[in-house]
Peer 1: 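Let me give you the structure first, and then I'll get to my questions.
All heavy atoms count here, side chains included; hydrogens, waters and symmetry mates do not.
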Amino acid sequence: MSLLDHYAEAAGEDVIDHLRQLANLLRDRTVVHVNSTRVGGGVAEILTMLVPLTTALGIQARWEIVSGDSEFFECTKAIHNTLQGKRSLIPNRLLRIYEETNAANAEQLRPLLEEADFVIIHDPQPAPLIHFCPKRKGKWIWRCHIDASRPHRPIWNYLRSHVAAYDASIFSLAAFAKPLPHPQYIVPPSIDPLADKNCQLDDSEVDAVYREFELDPGRPLLLQVSRFDRFKDPVGVIRAYQLIKKFLPGVQLVLAGGTATDDPEGDAVLQEVREAAAEDVDIHVLLLPPNAHRTINALQRAASIVLQKSLREGFGLTVTEALWKGKPVIGGDVGGIRLQVVDYHTGFLVSTPEGAALRTRYLLAQPEKLKAMGEKGRQLVRENFLITRQLREHLTLMLISMDGARDRLELF
Amino acid sequence: MPLESNHHPDTEADKRVFNVRDCTLIAVATGQSALTLKELLDGIHHVPASCLYHHFWGGLLQPRFEEREYNNDFSAWVKHGLHDGELAERLAVVDPASFKTLEDLRWELCELIEERMDESERLSFQVATRSFEFIQSKIVVFDTRTRIADPAALGPAIAFCSAGTIFYHFIDARRRSPDEIDDFSAWLFSFGDQYNDLIGQIAGIDPYFSSLLELRQRLSTLLTQHFEGSPS
């Protein structure tokens with residue numbers, strides 16, 4: 001079976017037929033995606049699957065990364081945080097390093113990028129590349145995965161000076177879009193149903209994680225999977241767990257995450273989490289390697305309820321993953337979590353540790369509702385948040401950007 | 001294969017064959033948002049007409065677990081963002097299909113909002129609990145390669161088609177067709193007067209107050225029952 005046949009099995013023949021109709025008009029075109037890491041985080045996971053699927057449709061897709069030293073990533077992390085609302089300034093010295101690093105990367109990437117029909121730049125890290133490719137022939141699209149709805153204005157204004165040069169931008173939600181002199185498409189991200197992170201597992205693999213991490217399969221298991229990042233509020237999750245524990249002493253909590261090469265704050269946050277967990281043997285803080293996809297898959301399947309109590313969130317692919325496995329999600333009432341967690345249908349939106357504790361206790365006391373919500377969540381993801389839908393929208397906006405600002409695209 | 005054709009896709013050379021299409025929307029932000037009723041009014045005044053279309057009809061293609069409490073995005077935001085039940089109800093009852101043009105619809109919306117602002121000065125300044133984002137959309141139309149030659153086969157075929165197919169042929173058709181009718185009726189017209197009663201019954205289905213899957217069921221049942229009663 002070809003790759004496309006496998007996706008047709010998971011997503012439907014009609015879905016793949018739509019992709020083929022779009023791709024026929026883009027055959028032999030080149031598209032280059034650029035981000036700053038090949039492992040860790042949602043962007044790398046999306047590109048891992050998006051690029052081969054694009055290639056399978058007859059489009060020449062490439063994935064490149066920009067590299068940099070610790071000061072570059074210190075700067076890009078600060079940009080990331082300020083776009084998500086943190087009010088701090090970034091020293092000009094770091095911004096110079098940010099631009100110089102992009103200039104150095106452009107020396108390597110320029111021939112490829114200037115020749116490509118489409119260049120999709122992910123997030124702020126490689127955003128200045130466009131200024132170092134003056135002979136670019138194709139359309140350049142900036143893909144923002146961050147909740148930039150209320151950015152710290154001076155940093156947004158700085159970044160805007162780079163982003164405004166693009167031909168289009170993509171945001172996960174309309175609320176994240178900013179006034180820019182080009183079309184801004186709204187494309188939520190997605191998960192790959194065939195990837196190790198999301199594929200069906202044998203019971204033996206799920207049983208194995210119980211043993212490996214000394215979890216009791218007979219007791220309720222709460223899980224949050226995310227980077228150790230303050231915006232994911234892992235300490236708030238521990239607080240919620242402690243409130244639940246007073247009523248349900250058997251409850252267990254797993255905080256599973258890793259670090260990404262472009263996140264210098266991860267270690268500090270991990271330390272805060274370990275301090276908050278203290279000596280509680282039912283709190284399991286797992287620092288997993290970037291390729292622990294099947295382990296995370298098994299943990300999500302083992303969980304009774306999945307939490308994603310973010311304070312800010314671009315989209316929240318861990319929410320999508322949990323819903324795909326039929327687990328209700330108790331998520332922060334922010335960003336893209338709102339698109340996926342539909343109160344009383346696929347889980348609950350909460351704003352505090354107290355809210356998370358209340359909703360968790362409710363669901364653990366209502367196993368039938370818990371099961372029904374899980375089924376609805378899987379349906380929601382199947383129809384809206386699989387990789388095939390995201391690729392369809394990418395191909396669509398490529399065609400629209402080639403053909404001008406038309407309201408109607410008829411593929412026959 | 002043209003990227004866009006302006007002709008009606010289902011009234012091609014062979015009018016006796018119905019070409020079943022499917023469609024999807026891709027959302028495009030306008031960068032304009034509202035946090036107060038006055039900002040909503042300003043936005044409605046200035047956004048492209050396609051934006052109004054999206055906020056009235058685009059919701060039909062969005063995931064939904066419940067009946068829509070309010071039938072367009074403006075009324076839903078006034079209720080849940082601004083918490084003004086009176087204006088939400090007045091906006092919800094606005095049926096876009098009853099307006100000749102989107103500009104007429106725009107005028108009606110502005111009238112209703114200005115009227116409410118006259119009634120309650122407080123509302124002009126009240127800040128909503130969440131912002132309203134003005135969005136427009138572009139439609140992408142796919143060929144399903146399903147062709148129907150016999151009107152009696154239309155009802156059974158509709159029963160298995162996608163929500164996107166219903167949106168394209170029953171909702172979007174009205175802004176493509178010079179006669180502002182759906183594609184199913186336009187096709188039946190091509191057979192002369194023999195299906196006039198059936199076309200009248202299709203016209204009686206209000207597309208605004210049902211989900212696409214409900215519309216699919218009603219259309220399929222209507223067509224199937226018609227031909228079971230009077231074989232073609």
Peer 1: Considering only heavy atoms, which portion of A:Ala174 lies under 4.5 Å from any heavy atom of chain B: side chain, backbone, both, or neither?
Peer 2: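 Its backbone and side chain both get close to chain B.
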Peer 1: Heavy-atom cut-off 4.5 Å, strictly under: side chain, backbone, both or neither for B:Ile139 against chain A?
Peer 2: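 Both parts, backbone and side chain.
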Peer 1: Salt bridge or not for B:Glu214 and B:Arg218, using N-O below 4.0 Å?
Peer 2: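 Salt bridge flag = no for B:Arg218 with B:Glu214.
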Peer 1: Does any backbone or side-chain atom of A:Glu383 lie under 4.5 Å from a heavy atom of chain B? Answer side chain, backbone, both or neither.
Peer 2: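 When you check distances to chain B, no heavy atom of A:Glu383 falls under 4.5 Å.
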Peer 1: Ion pair present between A:Asp123 and A:Arg143, side-chain N to carboxylate O less than 4.0 angstrom?
Peer 2: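 Salt bridge between A:Asp123 and A:Arg143, a charged N being under 4.0 Å from a carboxylate O: no.
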Peer 1: Taking 4.0 angstrom as the limit, do B:Arg106 and B:Glu103 come out as a salt bridge?
Peer 2: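 So B:Arg106 pairs with B:Glu103 through a salt bridge.
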Peer 1: Out of B:Arg145, B:Gln62, B:Arg130, return the one with the most heavy atom pairs under 4.5 angstrom to chain A.
Peer 2: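 The option with the most such pairs is B:Arg145.
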Peer 1: Which atoms of A:Arg392 are under 4.5 Å from chain B, going by heavy atoms: the side chain, the backbone, both sets, or neither?
Peer 2: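 Only the side chain of A:Arg392 comes within 4.5 Å of chain B.
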Peer 1: Mind telling me whether B:Phe184 and B:Phe18 have parallel, tilted or perpendicular rings, with 30° and 60° as the class edges?
Peer 2: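 Aromatic pair B:Phe18/B:Phe184 classed parallel.
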Peer 1: Between B:Tyr208 and B:Trp57, is the gap from one ring center to the other below 6.0 Å?
Peer 2: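 Centroid separation for B:Tyr208 and B:Trp57: below 6.0 Å.
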Peer 1: Check whether B:Thr24 gets within reach of chain A through its side chain, its backbone, both or neither, counting any heavy atom under 4.5 Å.
Peer 2: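 Contact with chain A: side chain only.
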Peer 1: Relative to chain B, which of A:Leu173, A:Thr396, A:Leu397 shows the most heavy atom pairs under 4.5 Å?
Peer 2: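 Winner by heavy-atom pair count: A:Thr396.
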Peer 1: Does atom NZ of A:Lys376 have more than 12 heavy-atom neighbours, drawn from other residues, nucleotides or ligands, at distances under 6.0 Å?
Peer 2: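 Enclosed.
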Peer 1: I want to know whether B:Phe189 and B:Phe191 have ring centres closer than 6.0 Å.
Peer 2: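 Not close enough - the centres of the two rings lie 6.0 Å or further apart.
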Peer 1: Relative to chain B, which of A:Leu22, A:Asp14, A:Val187 shows the most heavy atom pairs under 4.5 Å?
Peer 2: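 Most heavy-atom pairs within the cutoff with chain B belong to A:Leu22.
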Peer 1: Which region of A:His345, side chain (C-beta onward) or backbone (N, CA, C, O), has a non-hydrogen atom less than 4.5 Å from a non-hydrogen atom of chain B, or is it both or neither?
Peer 2: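 For A:His345, side-chain heavy atoms alone lie under 4.5 Å from chain B.
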Peer 1: Check each atom of A:Ser149 against the heavy atoms of chain B and say whether the ones under 4.5 Å are side chain, backbone, both or neither.
Peer 2: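 No part of A:Ser149 comes within 4.5 Å of chain B.
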